[in-house]
Amino acid sequence: MRNLQDSPVKNFSYIGAKIYICIVEQTIVAPATPNGISALAAIRVSGGETVSILKQMFGCANPTPRQAVLATARHPKNGKLLDNLVYIFYKAPHSYTGEDSLELFPHGNPLIVRNLLDAMCQIPNVRIAFPGEYTKRAFFNGKMDLVQAESVADVIHSQTLAGVENAQKLLSGKFSSDIRQLAHQVKDVSALLELDVDFVEEEADPNVGGWKERFLEIRNRIQYLLSHFKNAGSLNRAPRVVLYGAPNAGKSSLLNALLKENRVLVSDVPGTTRDFIETRLALPSGEISLIDTAGIADVAQSELDRRSMEQSAAAIESADLAICLVDSATEFSEDSQKQIACARSKKHWVVFSKSDLKDAESGVGKAKGNVASAERMELSAKTGEGLDAFVQKLEKALFPQGESGEEYWITNERECAALRDADRGVERILDLLDKNPAPELLAFEMRQVTAALASIIGEISSEDILQTIFSGFCIGK
Ligand SMILES: Nc1nc2c(c(=O)[nH]1)N(C=O)[C@@H](CNc1ccc(C(=O)N[C@@H](CCC(=O)O)C(=O)O)cc1)CN2
Ligand SMILES: Nc1nc2c(ncn2[C@@H]2O[C@H](COP(=O)(O)OP(=O)(O)OP(=O)(O)O)[C@@H](O)[C@H]2O)c(=O)[nH]1
Ligand SMILES: [Mg+2]
């Protein structure tokens with residue numbers, strides 16, 4: 001028999017013929033801030049070697065938990081000075097991961113960050129973390145459930161204010177506690193039923209009527225939650241707005257005016273813009289992706305023209321909102337009329353450009369008749385007239401006021417699919433209850449529903465699923 005210390009691999013111990021695998025979690029280190037120059041950077045450390053790192057690099061053998069300490073970091077092997085920094089030590093289990101943890105706040109030079117990470121990795125059993133590994137450990141150590149862990153990624157990545165606020169609600173456990181309550185309700189009935197299954201010989205008559213009531217209630221709640229599913233993209237992704245229209249309509253000028261910089265080339269030569277150009281515009285509720293396209297003419301003059309126009313059409317297709325710009329000053333062509341005709345849906349707007357040039361007899365006068373007054377917008381990239389109103393309209397259309405108070409959207413496909421499973425199970429139960437069912441059958445279906453609900457919050461989950469979830473995270477999260 002060999003004991004743990006003698007074993008060549010620290011994580012294995014051999015006892016008799018059997019192999020016992022004792023997984024000693026390694027200590028992980030990672031930057032928690034982006035790789036770039038900043039005032040400060042943050043580095044996270046979590047695992048059993050944390051105190052050893054403090055001892056070897058800061059000479060601190062007995063750290064006080066949760067106290068910001070100013071100290072000098074030195075290389076554990078050669079004692080070389082690495083940085084003068086602030087650290088905070090967290091004692092297990094009172095940390096984000098539930099393990100001994102450490103946060104370092106060095107000067108925000110990527111070279112210093114790299115030196116510190118390299119130095120810590122010199123200590124045995126210390127390595128760089130995988131993406132999402134801190135949150136994965138937090139999940140395994142019971143600090144949060146799977147819904148909360150998944151929402152952490154959305155809190156960080158969401159590009160809209162509504163998306164951030166929703167993810168924060170999910171992180172706070174609102175959805176999780178709704179799911180727990182549902183699971184509880186199903187288990188309550190299951191418990192009664194299991195009694196009936198056990199004592200079926202005694203012919204105890206299950207109170208089927210009362211159960212139906214309960215399951216109708218459960219179904220209502222699940223369907224309400226399902227009706228609050230929103231594709232994560234639509235809530236968390238910056239909306240795509242495409243500017244299109246005839247050559248020379250003033251698309252590029254409008255884009256520059258909105259961005260308040262000369263971002264793209266403008267000229268009086270029709271066909272100035274060739275490739276479509278994607279920019280970011282910050283609105284109060286989040287950023288939008290604003291796309292300038294090549295003008296679309298009746299007929300392509302060249303192969304290049306044709307390709308540019310194809311690209312423009314593809315951009316319009318992918319837009320959350322496509323804005324057709326019509327030049328107020330020019331004759332209103334048949335082509336523009338066609339474009340206006342197809343720009344009637346909610347996702348398409350018609351905007352008259354160059355309002356500083358308009359006169360009653362010009363294009364805009366004639367065009368107006370074709371566009372319902374509520375949708376009519378005029379602006380001038382040159383004078384700025386109408387721009388504020390246009391931006392406000394964009395904000396209102398692209399960021400509708402989010403749910404207030406307790407309401408939240410489910411945005412995760414996995415969670416939604418599991419909830420649909422639960423819903424189908426409840427439907428089957430309701431169906432069975434109408435048909436004087438065998439208790440075993442009912443009990444089986446109830447276990448299915450319970451399992452589907454449990455999988456949402458990760459009480460049941462496979463390593464594969466967890467791997468997929470956490471590998472999508474940032475490093476250091
Ligand atoms: N410095 C720092 N700021 C941060 C984080 C962090 O890890 N470190 N967070 C990382 O996401 C977010 C805050 N979330 C956190 C969640 C739990 C714990 C934590 O230490 N929990 C302990 C103690 C709880 C308590 O004192 O009430 C625990 O759960 O036992 C820390 C931060 C955002 N800001
Ligand atoms: N007076 C006036 N001229 C404008 C306005 N907006 C654009 N122009 C002029 O219209 C011409 C075409 O502008 P662009 O912004 O390049 O038009 P575009 O739609 O991007 O054109 P293409 O890229 O060729 O399809 C330029 O000479 C601009 O200076 C405006 O609001 N008022
Ligand atoms: Mg252009």
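Remember, it's 1-based here, ligands and their atoms both numbered in the order they're listed. Since the structure is predicted, the reported quantities are computational estimates derived from the model, not experimental observations.
No donor-acceptor pair under 3.5 Å is formed between the side chain of S455 and the backbone N or O of G458. Formation of a donor-acceptor pair under 3.5 Å by the T468 side chain with backbone atoms of D464 is found in this model. At distances below 3.5 Å, at least one donor-acceptor pair connects side-chain atoms of Q148 with backbone N or O atoms of D145.
Atom 12 (C) of ligand 2 has N248 OD1, 2.9 Å as its closest protein atom, hydrogens excluded (heavy atom only). When hydrogens are left out, the protein atom nearest atom 5 (C) of ligand 1 is R44 NH2, 4.4 Å; that is the closest non-hydrogen contact. Looking from atom 25 (O) of ligand 2 to the surrounding protein, the closest heavy atom is K251 NZ, 2.9 Å. Looking only at heavy atoms of the protein, atom 20 (O) of ligand 2 is closest to S252 OG, 2.8 Å. With hydrogens left out, the protein atom closest to atom 28 (C) of ligand 1 is K143 NZ, 3.2 Å, a heavy atom. For atom 26 (C) of ligand 2, the closest heavy atom belonging to the protein is S267 O, 3.5 Å. Looking only at heavy atoms of the protein, atom 7 (C) of ligand 2 is closest to S253 OG, 3.1 Å. Closest protein heavy atom to atom 23 (C) of ligand 1: R66 NH2, 2.9 Å. For atom 2 (C) of ligand 2, the closest non-hydrogen atom of the protein is D356 OD2, 3.6 Å. Distance from atom 5 (C) of ligand 2 to its nearest protein heavy atom, with residue and atom name: K354 CG, 3.4 Å.
Because the distance cut-off is set at 2.8 Å, T273 qualifies as a neighbour of the Mg ion (ligand 3) through one of its N, O or S atoms. Among the atoms of S252, an N, O or S atom falls under 2.8 Å of the Mg ion (ligand 3).
For the side chain to side chain donor-acceptor pair (under 3.5 Å) with S289, the qualifying choice from E278, R240, R280 is E278, the only one to do so.
Within 6.0 Å of CD on E463 lie more than 12 heavy atoms contributed by other residues, nucleotides or ligands. By the 6.0 Å contact criterion, CG on L226 is enclosed, its count of non-hydrogen atoms from other residues, nucleotides or ligands being greater than 12. Heavy-atom contacts from other residues, nucleotides or ligands closer than 6.0 Å to CG of N35 number 12 or fewer.
A salt bridge does not link K136 with E99: none of the charged nitrogens is closer than 4.0 Å to a carboxylate oxygen. Salt bridge annotation for K251-D292: absent, with no cationic side-chain nitrogen under 4.0 angstrom from a carboxylate oxygen. A salt bridge is absent between E310 and R307: the closest approach of a Lys/Arg side-chain nitrogen to an acidic carboxylate oxygen does not fall below 4.0 angstrom. Salt bridge status for E133 with R137: present, with a side-chain N to carboxylate O gap under 4.0 Å. Using a 4.0 Å cut-off between charged nitrogen and carboxylate oxygen, K347 and D320 do not count as a salt-bridge pair.
Near S380, the atoms of ligand 2 lying under 4.0 angstrom from a non-hydrogen atom of the residue are 31 (O). If you number the atoms of ligand 1 from 1 as listed, the ones under 4.0 Å from a heavy atom of E103 come out as 1 (N), 2 (C), 6 (C), 7 (O), 8 (N). Interface atoms of ligand 1 facing K477, defined by a heavy-atom separation under 4.0 Å, are 10 (C), 11 (O). Taking every non-hydrogen atom of P270 and a distance limit under 4.0 Å, the qualifying atoms of ligand 2 come out as 24 (O). For ligand 1, the atoms sitting less than 4.0 Å from at least one non-hydrogen atom of P93 are 30 (O), numbered in the order shown with element in parentheses.
Proximity of atom 33 (C) of ligand 1 to the protein is not indicated, since no non-hydrogen protein atom lies closer than 4.0 angstrom. For atom 19 (C) of ligand 1, a protein heavy-atom neighbour is found at a distance under 4.0 Å. Inside a 4.0 Å radius of atom 13 (C) of ligand 1 there is not any protein heavy atom. Protein heavy atoms are absent from the 4.0 Å sphere centred on atom 3 (N) of ligand 1.
Atom CG of L170 and atom CD of E150 lie 10.0 Å apart (nearest 0.5 Å).
Checked against a 3.5 angstrom limit, the closest N/O atoms of A249 and ligand 2 fall inside it. When only interatomic distances are considered, the shortest N/O to N/O separation between A381 and ligand 2 falls below 3.5 Å. At under 3.5 Å, a nitrogen or oxygen of G250, whether backbone or side chain, sits near a nitrogen or oxygen of ligand 2. Residue-to-ligand polar distances keep D292 apart from ligand 2: every N/O pair is separated by 3.5 Å or more. Annotation: T272 places an N or O atom under 3.5 Å from an N or O atom of ligand 2; distance criterion only. Note: no N/O pair closer than 3.5 Å links V266 and ligand 2 by distance alone. Considering backbone and side-chain N/O atoms, T273 comes within less than 3.5 Å of an N/O atom of ligand 2.
Within the 4.0 Å heavy-atom shell around ligand 2 one finds V269. Assignment of P247 to the shell around ligand 2 is supported, since a heavy atom sits closer than 4.0 Å.
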**OP:** With side-chain contact (heavy atoms from CB on, under 4.5 Å) as the test, would you mind laying out the steps for K230 and N166 before giving the verdict?
**Re:** CA-CA 11 Å; K230 212 175 202 161; N166 189 67; over 6 Å; no
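Here the side chains of L81 and H75 are not in contact, with every heavy-atom distance at 4.5 Å or above. Side-chain contact check for V147 versus I456: some heavy-atom pair is nearer than 4.5 Å.
Across the listed options Y96, Y134, F105, Y90, Y96 owns the non-hydrogen atom lying nearest to atom 15 (C) of ligand 1. Comparing G384, G295, S312, G271 by heavy-atom distance to atom 24 (O) of ligand 2, the nearest is G271.
Separation of the Y96 and Y134 ring centroids does not fall under the 6.0 Å cut-off. Taking the six-membered ring where the residue is Trp, the centroids of H228 and Y224 are separated by under 6.0 Å.
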